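The structure under discussion appears below in the form of structure tokens.
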Amino acid sequence: MIDPALLRENPDAIKASQRARGADESLVDDAAKADVAWRKALLEFENLRAEQNAASKLVASAPKEEKAALVASMQELSDRVKAADAAASQAQVELDEVLWKIENVVVDGVPVGGEDDYVVLREVGTKPAFDFEARDHVALGELLDVIDIERGAKISGSRFYFLKGWGARLELALMNMALDQASAAGFTALITPTLVRPEIMAGTGFLGSHADEIYYLPADELYLTGTSEVALAGYHRDEIVDLSEGPVRYAGWSTCYRREAGSHGRDTRGILRVHQFNKLEMFSYCDPADAEAEHARLLAWQEEMLQKCELPYRVIDVAAGDLGSSAARKFDAEAWVPTQGTYRELTSTSNCTTFQARRLNVRYRRDEGKTATLATLNGTLATTRWLVAILENHQQADGSVRIPVALRPYLGGTEFITPKVRA
RNA sequence: GGAGAAUUCGCCUAGUGGCCUAUGGCGCGCGCUUGGAAAGCGCGUUGAGUGCAAGCUCUCGGGGGUUCGAAUCCCCCAUUCUCCGCCA
């Protein structure tokens, strides 16, 4: 939710942001109107309630024989209080309805436009030049017996798979390397619940336009999360978080579930787009004044991981129209996928400023002791999808795959996965 | 699955319709005292909304109801604990 104070002080800033996103600008005027109406209704109710409270004290202290008359005279006031209360509640509902529709105010400098209007910030690493016919990760997965897509489909349908042998070990190695790096940077490891209640799903902003992307278990009224961000953001719901020692950071590991309802026919081959995968997610609670700096730190940690995996990648500054509603800015790091001749997203990091925290009521104490809404940020540190880039970029002519040096300690020192070796 | 008990400020706790603008303790903060500390004493210590402000309003797990008036009575929901049953 946007900051109501900003709505009163500088509605034009919100309008400019909506414009940059290609979103509805008129919502801002609607919200301002609803805000005025709500405050008026609230004042009316509070004045009547004050009157009632005062009169109620008289009844309490009145002699018995006068009570009946006093009580009778207060019934009409009581009705008016009830009506005013209902009107104020209704006005607040109407205000919230509009406020929740307005997306987060983008950070200055975010590229204007839609999906294709991203700005490439940098390209890092050298794309591999193969002097043989490169195999894609599906072919490599079969050859090395590390990814079993056929049997995944047999037991669960399309977009499911088994990671097998060195494939399973490679993913665990990747996650462990990421967790070690995160722990060294001060993140607390969390293995999170993947089934959450509706209000948590709504509070994190995932039940909006993308609700059909989410698995739902009606018998239990629980949602399967598509990212541990949901649990990590909900973790401190309704709490005052101690930020006196700097940002509070969590590295959340979980399996992620996505229906991929709107992507029929896209990335149907392999494990690039699947219904179930694992992810280690960074999540940071911090002082809003520090949020942009923290965003840069999250991106730096992501790049460190990509470099340790010896992957060529580029970083893009995602355009306003392609941001999620909670994000004020988003950087994606995309790794080169040789057989597709293009970059594919491996990590994404969003600065949600106070937008998400306001919905979930997460605050911190400022130096003066006052409470204020804090900022939340998130970013991918490793996912199953990384295996695609690792397998394809490090493949050799004979179909074996070279393990990046930094990952080897997590695989018992193994340097190559070869077609003959089994885990 | 069944039965019962509970949920009050960071923690523990008092409170059975109006004197609750919620008790007491622990902890924490400030001060007095002290050579310094402990003890002791005094003051403060849930948050939120609105308003320029004084103030007013809300907040006793959440929501609804009864009532002139609800921490207190009723209903629904959540969570925790205990017992019984069933299962690994």
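As a basis for the values below, the full set of heavy atoms in this structure was taken, side chains included, without hydrogen atoms, waters or symmetry mates. Chain identifiers are assigned alphabetically (A, B, ...) following the order of the sequence lines, protein sequences preceding nucleic acid strands; residue numbering begins at 1 within each chain. All of these numbers come straight from a predicted model, not from anything done at the bench.
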A:S78, nearest nucleotide to its side chain (from B:rG47, B:rC68, B:rG49):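 Ranking B:rG47, B:rC68, B:rG49 by closest atom to the A:S78 side chain puts B:rC68 first.
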The side chain of A:R197 is closest to which nucleotide in this list: B:rA78, B:rG69, B:rU50?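 The closest nucleotide is B:rA78.
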Please give, in whole Å, the distance from [N] [atom2] to [X] [atom1]?
X      : N      : atom1 : atom2 : answer
A:I240 : B:rC11 : CD1   : P     : 12 Å
A:L70  : B:rC68 : CG    : P     : 13 Å
A:R39  : B:rC56 : CZ    : C1'   : 16 Å
A:D85  : B:rU57 : CG    : C1'   : 11 Å
A:E51  : B:rC68 : CD    : C1'   : 13 Å
A:L42  : B:rG49 : CG    : P     : 11 Å
A:L43  : B:rA53 : CG    : P     : 14 Å
A:L95  : B:rG49 : CG    : C1'   : 12 Å

Holding to ring pair (Phe, Tyr, Trp, His ring centres under 6.0 Å), I want the full list of residues that pass it with [X], two or more places apart in sequence or in another chain.
X      : answer
A:F331 : A:H295
A:F283 : A:Y285
A:Y250 : A:Y235, A:H236
A:F187 : A:W301

Between protein and nucleotides 15-22 of chain B, what N or O pairs are separated by less than 3.5 Å?
residue, atom, partner, partner atom, Å
B:rG18, N2, A:S56, OG, 3.1

Say you pick atom C1' in B:rU57 and the same atom in B:rU21; how far apart are they, in whole Å?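 About 13 Å, rounded to a whole number of Å.
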Go through the steps for A:D29 and A:K33 under the test salt bridge (charged side-chain N to carboxylate O under 4.0 Å, His left out), then give the verdict. CA-CA 6 Å; A:D29 290 324; A:K33 249 181 264 169; over 6 Å; no
Considering only distance and modelled atom types, tabulate donor-acceptor pairs under 3.5 Å from the side chains of residues 79-90 of chain A, sequence neighbours left out.
residue, atom, partner, partner atom, Å
A:S89, OG, A:D85, O, 3.0
A:Q90, NE2, A:E94, OE2, 2.9

Summary of side chain to side chain donor-acceptor pair (under 3.5 Å) pairs that have at least one residue in residues 313-324 of chain A, sequence neighbours excluded: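 The answer is A:Y118-A:R314, A:E303-A:Y313, A:Q307-A:Y313, A:R314-A:E334, A:D317-A:R329.
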Residues two or more places apart in sequence or in another chain: which of them pass side chain to side chain donor-acceptor pair (under 3.5 Å) with A:T354?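 Only A:R358 meet the side chain to side chain donor-acceptor pair (under 3.5 Å) criterion with A:T354.
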For nucleotides 72-76 of chain B, tabulate all protein N/O to nucleotide N/O atom pairs closer than 3.5 Å, reporting atom names and distance.
none

Is the closest basic N to carboxylate O distance between A:R344 and A:D267 below 4.0 Å?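 Yes, charged N to carboxylate O under 4.0 Å.
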Does the A:R408 side chain pair with the main chain of A:I403, one donor and one acceptor, at a distance under 3.5 Å?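 Confirmed, A:R408 side chain pairs with A:I403 backbone.
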Does a donor on one side chain and an acceptor on the other come within less than 3.5 Å for A:Q52 and A:R49?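 Checked: A:Q52/A:R49 side chains pair up, N/O donor to acceptor below 3.5 Å.
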Under a 3.5 Å cutoff, is there a donor and acceptor pairing between the side chains of A:S348 and A:D332?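 Side chains of A:S348 and A:D332: pair found under 3.5 Å.
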Quick one: CG on A:L280 to OG1 on A:T384, what's the gap to the nearest 0.5 Å?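 The distance works out to 11.0 Å.
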For residues 223-232 of chain A, tabulate all N or O donor-acceptor pairs below 3.5 Å that involve a side-chain atom, not counting sequence neighbours.
residue, atom, partner, partner atom, Å
A:T225, OG1, A:T194, O, 3.3
A:T227, OG1, A:E229, N, 3.0
A:T227, OG1, A:K279, NZ, 2.7
A:S228, OG, A:G252, O, 3.3
A:E229, OE2, A:Q356, NE2, 3.0
A:E229, OE2, A:N378, ND2, 3.4

Stem regions touching RNA chain B, defined by at least 3 consecutive Watson-Crick or wobble G-U pairs below 3.5 angstrom: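 The stems that RNA chain B takes part in, listed by first number, are B:1-7 with B:78-84, B:10-12 with B:24-26, B:27-32 with B:40-45, B:47-50 with B:55-58, B:61-65 with B:73-77.
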Would you give a per-nucleotide map of nucleotides 58-66 of chain B, 5' to 3', where B means the base has a protein non-hydrogen atom under 4.0 Å away, S means only the sugar-phosphate does, and - means neither? S--------
